[in-house]
Amino acid sequence: MATPHANPTDSTAPDAHIGVDAPLSPAGDVASNAVLGAPAFSPLYQQIKSLILRSLQAGEWKPGDMIPSEFDLAARFRVSQGTVRKAIDELATDNLLVRRQGKGTFVATHAEQHIQYRFLRLLPDAGTLEAQGPAERRIIECRRLRAPAEVARQLELRTGDAVFQVKRVLAFSGTQAILEDIWLPGAAFKGLTLETLSSDKGPMYALFEAQFGVRMVRAVEKLKAVAADADAAALLDVEVGHPLLSVERLAYTYNDVPMELRRGLYRTEIRHYHNELS
């Protein structure tokens, strides 16, 4: 027997559970959408979260857009407002949505101040990243080439597929701090140029959102200590052999699609890598 739908106006209705054998219903109904590919008996709010993620991935709501109200989403998915609220709470915790008191819920964007430094963990020993001002960016090169085998593997491309390689230096308060080697899939970033990167003064991830429709939603990093080679030493204004922190980051867009491989070398004389664990 199919689980009856909760009243969309009832914010206190308990979460239901829909198994993979639930019958199909009209378009927009949870039973016809959420169960596809979902594990049996997954909590209803998790299914709603998946449906909202699908809409985000499909571009129904762009970064910075306000999404429909909880009431409207509850009616759309035929569930309670409480179920929708719980799904949105998780998406907000994941930094995919942003609640604004008295205004509504919006798709998070890297153009927002509190999101800009989400993936940058290099903080000054004294003060805050925001207090020292925005990073000064110098793009060294941007070129299109065939993907080396290791880059192709991490970006889930075929060896030889087109990629963009971007090299840049970030400085804070006039002191070079980070050297980055960035690899991007050629198909997703078609038309990327040195001029585009050099002329843009905002966060690079905000540029990716605005011009290429690519939003980075999570990242995995690997850290280790290395010594500066001649090229890194020259660009970071340190001696050859100077100790650096190597940070390799693989960033993903929706649906866990890898969209950027970034290899950074960090100077840490007056800065440290900060992370919070819970």
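These numbers come from a predicted model, not from an experiment. Residue numbers run from 1 in the order of the sequence given.
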Less than 4.0 Å between a side-chain N and a carboxylate O, is that true for Arg158 and Asp161?
-> yes
Thinking salt bridges, do Glu70 and Arg99 make one under a 4.0 Å N-O criterion?
-> yes
Side chains of Phe172 and Pro124: closer than 4.5 Å at any heavy-atom pair?
-> no
Compare all side-chain heavy atoms of Leu192 with those of Leu184 and state whether any distance is below 4.5 angstrom.
-> yes
Pair Arg218 + Asp256: basic N to acidic O under 4.0 Å = yes
Identify the heavy atoms of Ala152 and Ala147 that sit nearest to each other, and give their distance.
-> CB-CB, 3.9 Å
Cluster overlap Leu194 with Leu235, hydrophobic side-chain contacts below 4.5 Å | no
May I ask you to decide if the ring planes of His274 and His272 are parallel, tilted or perpendicular, using 30° and 60° as cut-offs?
-> perpendicular
Side chain to side chain, Gln47 and Leu51, heavy atoms closer than 4.5 Å | no
Tyr252 versus Glu260, side-chain donor and acceptor atoms under 3.5 Å | no
Verify salt bridge (charged side-chain N to carboxylate O under 4.0 Å, His left out) between Lys49 and Asp89, making sure each step is shown before the conclusion.
-> CA-CA 9 Å; Lys49 178 181 178 182; Asp89 285 343; over 6 Å; no
Heavy-atom pair of closest approach, residues Leu223 and Val247 = CG-CG2, 4.0 Å
Check: Phe212 ring centroid to Phe189 ring centroid under 6.0 Å = yes
Between the side chains of Glu136 and Gln176, does any donor sit under 3.5 Å from an acceptor?
-> no
Candidates Leu236, Leu179, Asp229 - the one meeting side chain to side chain contact (heavy atoms under 4.5 Å, CB included) with Leu244 | Leu236
Treat each ILVMFWY residue as a node, draw an edge where side-chain heavy atoms are under 4.5 Å apart, and state whether Val84 and Leu53 are in one component.
-> yes
Under 4.0 Å between a Lys/Arg side-chain N and an Asp/Glu carboxylate O for Lys167 and Asp231?
-> no
